[in-house]
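Below you'll find the structure, written out as structure tokens, and then a few comments.
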Amino acid sequence: MAAAAAANSTITDAKFHSSFSSTPFTLPLSPHFRTFSSHPKHFSSIRCQSVNTDKKKQSSRNVFDNASNLLTSLLSGGSLGSMPIAEGAVTDLFDRPLFFSLYDWFLEHGSVYKLAFGPKAFVVVSDPIVARHILRENAFSYDKGVLADILEPIMGKGLIPADLETWKQRRRVIAPGFHTSYLEAMVKLFTSCSERTVSKFNELLEGEGSDGQKSIELDLEAEFSNLALDIIGLGVFNYDFGSVTNESPVIKAVYGTLFEAEHRSTFYIPYWKLPLASWIVPRQRKFQKDLKVINACLDGLIKNAKESREETDVEKLQQRDYSNLKDASLLRFLVDMRGVDVDDRQLRDDLMTMLIAGHETTAAVLTWAVFLLAQNPDKMKKAQAEVDSVLGTGRPTFELLKKLQYIRLIVVEALRLYPQPPLLIRRSLKSDVLPGGYKGDKDGYRIPAGTDVFISVYNLHRSPYFWDRPDDFEPERFLVQNKNEEIEGWAGFDPSRSPGALYPNEVISDFAFLPFGGGPRKCVGDQFALMESTVALTMLLQKFDVELKGTPESVELVTGATIHTKNGLWCNLRKRSSKH
Ligand code: HEM
């Protein structure tokens, strides 16, 4: 029997999930699973009461829902030409994560539909041709809308919520920071941080809590969260949170802030904007206190970096010997860059944005990769066989990542099935004509300025029109070309379109696979995150066998920005054979 080792996160109480791309209207207040019968194989294993819940859904539509939809129509100008309309029940908000309902309506109404939901209306897009139009072809006709409203108090003018002018300036400076030598140095960092996690597990296995059978119970979601926090701190601003093994006021403040971001993304009314809310509402007071602690920490790091500034041209910065740099962080790069005299406030916003954007997202990918592998023991064995043959007992390196093909595909397949965030949010700055997309109106759909748009990455990634067996966990799928010539305007899935890419991306899939968005506002940290996940998963599988504790049904899904579990991903861990 597994030992109930006290292996839980050192900051369990404060451990929460971040949210950088959700909306006050997602309202995943209580977790419920997808319930319709076309449900995926692995999801079907976590489906509960499919028939009953569907019935309940219909009967639960009440006078409040009808009134609210009427209000929506009045406030949002009724129909948008020929665009289908889904009338969401407000009561659904309290029933299950919204993105599950968005999927049901996608199957019912098609790739572009208007959602009348409560007092607001949104256009929901589940089609790669339309997503490509919004994210790449007409990207600057859209901003981040409600997302910016939520995140601005936390991230200020960081890249995610930034207005267009600020974004242009900062993106030009930050993107070159993720150059190849930096990523190579980061792979070393990922390895050494993952080693701390592996050592912690080993110690627990050998420690007093062990029952002699050499297995422990762990919440891997919490462990991945700690690992990702340590990595983002060191990689972005050379600060060691040490959260895998320690607890500190700064770590508590980070989790407190992430929790508030999550809460805001799921709360219907932006009450924090009310005058005096930050003094009167206790959680807002705590939030302000947490922000102060993090800001003081970041300000100190910025001050130190500025005091040791060595102003250098970008090209020279990229050619530094990163293998021997004491501080290879992005902050060092940003401060040392010649000709960019940026104020401390902007730098702090940049760092805070990356701290939040790059932490729970990566932890969530690792969580779902393990969740999926634990339900597919053959694939787990195949992954371990690859690790053994590529690494033996050695450590992953930048070069060896190229050989760990199966692990890389597991990471992207986990991102396909559980994209973080499941929705991308935009608001049109001017009127636009959206393409009709597959099976949509050939003339497209005209939308006025100010229209709020959700691009459902979750729907795109599980679309039955663009993926074979979309709900199955099949990492191998990414190796196969898929030219569906029936779909006019979609170039199909073709790995040769992005030669040299280590990981499948939106170019290869012509916007059917969008875990990092696409176009100019695509994630700057995509390669960082993918390599980090590959290294961490490799090192876990190299040393341990992992089994889910309990059934997959017991892992309830919740969503804000990331799709996460309700009570953690509890697993039994065992050491693999002694050669490891
Ligand atoms: C698996 C992990 C990650 C996922 C799934 C992810 C996903 C995304 C997505 C979907 C966007 C686009 C949002 C939109 O278009 O509205 C984005 C933007 C961004 N991400 Fe990531 N991200 C991850 C990790 C990271 C990391 C590690 C960093 C930094 C070290 C980072 C920094 C950013 C920044 C700064 C933006 C804003 C880019 C811009 O607007 O120019 N992300 N991310």
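Just follow the structure's listing: the first ligand is 1, and inside any ligand the first atom is 1.
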For the rings on Tyr239 and Phe241, is their centre-to-centre separation under 6.0 Å?
->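 That pair passes the under 6.0 Å test.
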Decide whether the shortest distance between a heavy atom of [X] and an atom of ligand 1 is less than 4.0 Å.
{"X": "Ile232", "result": "yes"}
{"X": "His359", "result": "no"}
{"X": "Glu532", "result": "no"}

Under 4.0 Å to a heavy atom of Val365 - the qualifying atoms of ligand 1, by number |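 Under 4.0 Å from Val365, ligand 1 has these atoms: 1 (C).
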Please identify which atoms of ligand 1 are closer than 4.0 Å to at least one heavy atom of Arg426.
->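 Selected atoms, number and element: 14 (C), 15 (O), 16 (O).
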Would you tell me which option among [options] has the nearest heavy-atom contact to [atom]?
{"atom": "atom 10 (C) of ligand 1", "options": "Pro515, Ala162, Cys523", "answer": "Pro515"}
{"atom": "atom 36 (C) of ligand 1", "options": "Thr353, Ile231, Ile160", "answer": "Ile160"}
{"atom": "atom 6 (C) of ligand 1", "options": "Phe516, Phe178, Trp167, Tyr142", "answer": "Phe516"}

Between Phe528 and ligand 1, find which residue part has any heavy-atom pair under 4.0 Å and reply side chain, backbone, both or neither.
->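 Within the 4.0 Å criterion, Phe528 contacts ligand 1 through side-chain atoms alone.
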Apply ring-ring contact (aromatic ring centres under 6.0 Å, His included) to Phe237 and list each qualifying residue two or more places apart in sequence or on a separate chain.
->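 For Phe237 there are no ring-ring contact (aromatic ring centres under 6.0 Å, His included) partners, ignoring immediate neighbours.
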Closest approach of Asn238 to Ser329 (non-hydrogen atoms, all atoms of both residues) =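 Minimum heavy-atom separation between Asn238 and Ser329: N-CB, 3.6 Å.
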Salt bridge (charged side-chain N to carboxylate O under 4.0 Å, His left out) partners for Asp290, two or more places apart |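 Expected list: Lys286.
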Counting only N and O atoms by type, is there a donor-acceptor contact under 3.5 Å from the side chain of Glu223 to the main-chain atoms of Leu218?
->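 No: the side chain of Glu223 does not pair with the backbone of Leu218.
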Please lay out, stage by stage, how Asp432 and Arg426 fare under the test salt bridge (Lys or Arg N to Asp or Glu O under 4.0 Å).
-> CA-CA 13 Å; Asp432 193 12; Arg426 294 291 187 273; over 6 Å; no
Between Arg171 and ligand 1, is there a nitrogen or oxygen pair with a distance under 3.5 Å?
->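 N/O-N/O distance under 3.5 Å: yes.
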Could you give the distance from CZ (Arg416) to CZ (Arg462), rounded to the nearest 0.5 Å?
->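 Those atoms lie 7.0 Å apart.
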